[in-house]
Q: 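Sharing a structure here in structure tokens format.
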Amino acid sequence: MNKIAAISDLKKNFIDQVFELTTEISANWPKIEKVGNGKTICLLFWEPSTRTKLSFEHAAKMLGFNVLDFSPEHSSLKKGESFEDTIKTLLAMKVDGFVIRHPEDKISTKIKELLPANTFYINAGDGNYAHPTQAMLDVFTMKEKFHNLNNLKITILGDVNHSRVIPSQIELLKIYSCLDINYLGPDSLISNKFSPSFSSTSENCLAERDILFILRIQKERFKNTDNLNESDFINEFQVNNNFLTRTGFNGFIMHPGPMNINAEITNEVANSDNSLVLRQVENGLYLRAALLSLIA
Ligand code: CP
């Protein structure tokens, strides 16, 4: 197995192995086995990224890979070259593996078929289909805190419909028998397939929850039919100190980033003692290093 489009491509024992190696890398960083052996990895990001792209780049360089940073904006795609021909061209330049982010839903499944058997590939997010490494680093971070996820109670707040993180996260949490997940936010951002969901808050409604996983409003993926009154959203769902008092939430705050401060979350909450946001980012570096070590 050297191609990851979605969590469904992974077996539990492989994910366990990734998590074990992530722990080891975390404990020893920046000492790390140089398993890259001069192989070449190409990062192709059709959409902006800070965390995913730079953590893959940093991890790959620390592992001893050569890293090519392909910029679609400055490539021959602008002269009409196709996606397929771009990949073939890079393969002819002896690229050994790809990390690709793309706005098209499920393009990751087509990319898997396009690539030769010995070329590795990791989906760095496609449309709102999947973001498997984000899910892995998030679940790893949960496991660091709770070890056993069986009894974990997670509330996902905000724009679930446009998230590619959540479908991957739910799939992965299921593998670890974590089934107590509910959703909080306006109906326009949470479709019926995400259940149970709540479209308002009440006193102490989150008092028993362990993790509040907050999502940005992903306007770039809104369709013409989507609409949201942002000031209503902020009044009811912005996670600020008043929200925490009203809902009785006392667990850990998580957010995959990027955060829109003063929209879905305030600075005081994002930087509070209960926030795992920067730990998620740090674990993303270790986890992506572990994953590259195992699949390249
Ligand atoms: N969470 C996430 O994918 O962040 P970036 O867009 O910064 O990579």
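The model shown is predicted, which means the values in this text are computed figures rather than measured ones. One-based numbering, in listed order, for ligands and for the atoms of each.
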Q: Relative to the heavy atoms of Gly257, which atoms of ligand 1 are at a distance of less than 4.0 Å?
A: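 What qualifies from ligand 1 is 1 (N), 2 (C), 4 (O).
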
Q: Would you say the side-chain atoms of Gln218 pair up with the backbone N or O of Arg216, donor to acceptor, closer than 3.5 Å?
A: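 At least one qualifying donor-acceptor pair exists.
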
Q: Does the side chain of Gln134 come under 3.5 Å of the side chain of Asp138 through a donor N or O and an acceptor N or O?
A: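 The answer is yes; a qualifying pair exists.
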
Q: Which label fits Trp46 and Phe83: parallel for a plane angle under 30°, tilted from 30 to 60°, or perpendicular past 60°?
A: tilted

Q: Taking 4.0 Å as the limit for heavy-atom contacts, which would you say applies to Glu47 with ligand 1: side chain only, backbone only, both, or neither?
A: neither

Q: Hey, does Glu47 have a side-chain heavy atom less than 4.5 Å from the side chain of His102?
A: no

Q: Starting from atom 6 (O) of ligand 1, which protein heavy atom do you reach first, and at what distance in Å?
A: Arg101 NH1, 2.9 Å

Q: Taking N or O atoms only and a 3.5 Å limit, does Lys53 qualify as a polar contact for ligand 1?
A: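 In this structure, Lys53 places no N or O atom under 3.5 Å from an N or O of ligand 1.
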
Q: Please identify which atoms of ligand 1 are closer than 4.0 Å to at least one heavy atom of Thr50.
A: 5 (P), 7 (O), 8 (O)

Q: Closer than 4.0 Å to some heavy atom of Pro256 - which atoms of ligand 1 meet that?
A: 1 (N)

Q: Verify, without hydrogens or angle tests, whether Asn161 (side chain) and Ser191 (backbone) share a donor-acceptor contact under 3.5 angstrom.
A: yes

Q: Starting from atom 4 (O) of ligand 1, find the nearest protein heavy-atom neighbour and note its residue, name and distance.
A: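 Checked against all protein heavy atoms, atom 4 (O) of ligand 1 sits closest to Arg51 NE, 3.0 Å.
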
Q: side-chain contact (heavy atoms from CB on, under 4.5 Å) between Ile15 and Ile175: does it pass, once the steps are laid out?
A: CA-CA 10 Å; Ile15 302 167; Ile175 292 173; 4.0 Å; yes

